[in-house]
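Beneath this line is the structure, given in C-alpha cells, with notes to follow.
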Amino acid sequence: MKWPIGAVAVAGIAAGTAAARRKSAAAPNRWLGVTVNLPPGEVENDPRLRDAFAALAEEAETRVRPAPGGHGTELAARPRDPGSGGVVKRLAGRDPRQPVRSALRDVKSLLETGEVIRPDAPTTGKPTPGGALVRLATRRAGGEGRL
C-alpha cells in the first residue's frame with residue numbers, strides 16, 4: 001500500500017502534538033529555570049536577587065544552585081499554584097506560569113547587564129497588517145521568552 005506524502009506528514013504532526021500535550025499535561029508544576037553567567041557566590045550575595053525572589057515568594061518556590069558543568073548559576077522557580085494552563089491560555093497571555101517566566105528572565109538580565117532590556121517601540125506610526133503581527137509576536141514573547 002502506498003501512502004501519499006501529505007498523509008504521512010499530517011500523521012507525524014498529529015502524533016508529535018499529542019505527545020507534547022501528554023508531556024506538558026503530565027508535569028504542569030515543573031521547575032522553570034535560567035542560567036546566569038556569574039559564579040554562584042556572586043549571585044547568592046547580590047541584593048537584587050534577594051529583592052526579586054522576595055517579590056516572587058507568594059507566587060513561586062525559588063532555588064539557586066550551581067549550573068551543570070560549573071558554567072554559572074542556575075536560578076529556578078516553580079509556581080505554587082500552576083492552575084490549568086493550556087495552549088489557549090498561553091496564546092492569550094493568561095497562563096499562570098508566564099509571570100514566573102518573566103520574573104526569571106528579568107532577574108537574569110538585571111544580574112548580567114545591570115538593567116532589564118525591553119524591545120523598542122515600533123518605528124511606524126501607521127497600524128499596518130505587518131505591524132499588527134509584530135506587535136502580537138512581541139506581546140507573546142513577553143510571557144514566553146521567545147518569538
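Position 1 is the first residue of the sequence; numbering continues from there.
With values rounded to the nearest 0.5 angstrom, L56 atom CG is found 11.5 Å from D51 atom CG. To the nearest 0.5 Å, the span separating CD on E44 from CZ on F53 amounts to 10.5 Å. Within the model, atoms CD of E42 and CG of L49 stand 11.5 Å from one another, a figure rounded to the nearest 0.5 Å. For the atom pair CG of N37 and OG1 of T113, the computed distance is 12.0 Å after rounding to the nearest 0.5 Å.
In this view, T73 and P40, V43, V64, L75 satisfy the side-chain contact (heavy atoms from CB on, under 4.5 Å) rule, not counting sequence neighbours. With sequence neighbours excluded, the residues forming a salt bridge (Lys or Arg N to Asp or Glu O under 4.0 Å) with E112 are K108, listed by chain and number. For R50, the salt bridge (Lys or Arg N to Asp or Glu O under 4.0 Å) criterion is met by no residue, not counting sequence neighbours.
Looking at every heavy atom in both residues, P79 comes nearest to V100 through CG-CG2, 4.1 Å. Nearest heavy-atom pair, A77 versus T62, reported as atom, atom and distance to 0.1 Å: CB-CG2, 4.1 Å. Between N45 and G41, the shortest heavy-atom distance links the atoms ND2-O, 2.9 Å. For R101 against L32, the heavy-atom pair with the smallest separation is CG-CD1, 3.8 Å. Heavy-atom minimum distance, W31 versus E61: CZ3-O, 3.5 Å.
With hydrogens and angles ignored, the 3.5 Å screen pairs a side-chain donor or acceptor of S109 with a backbone N or O of E115.
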Check against side-chain contact (heavy atoms from CB on, under 4.5 Å), R80 and E58: CA-CA 8 Å; R80 293 188 191 282; E58 290 185 23; 5.9 Å; no
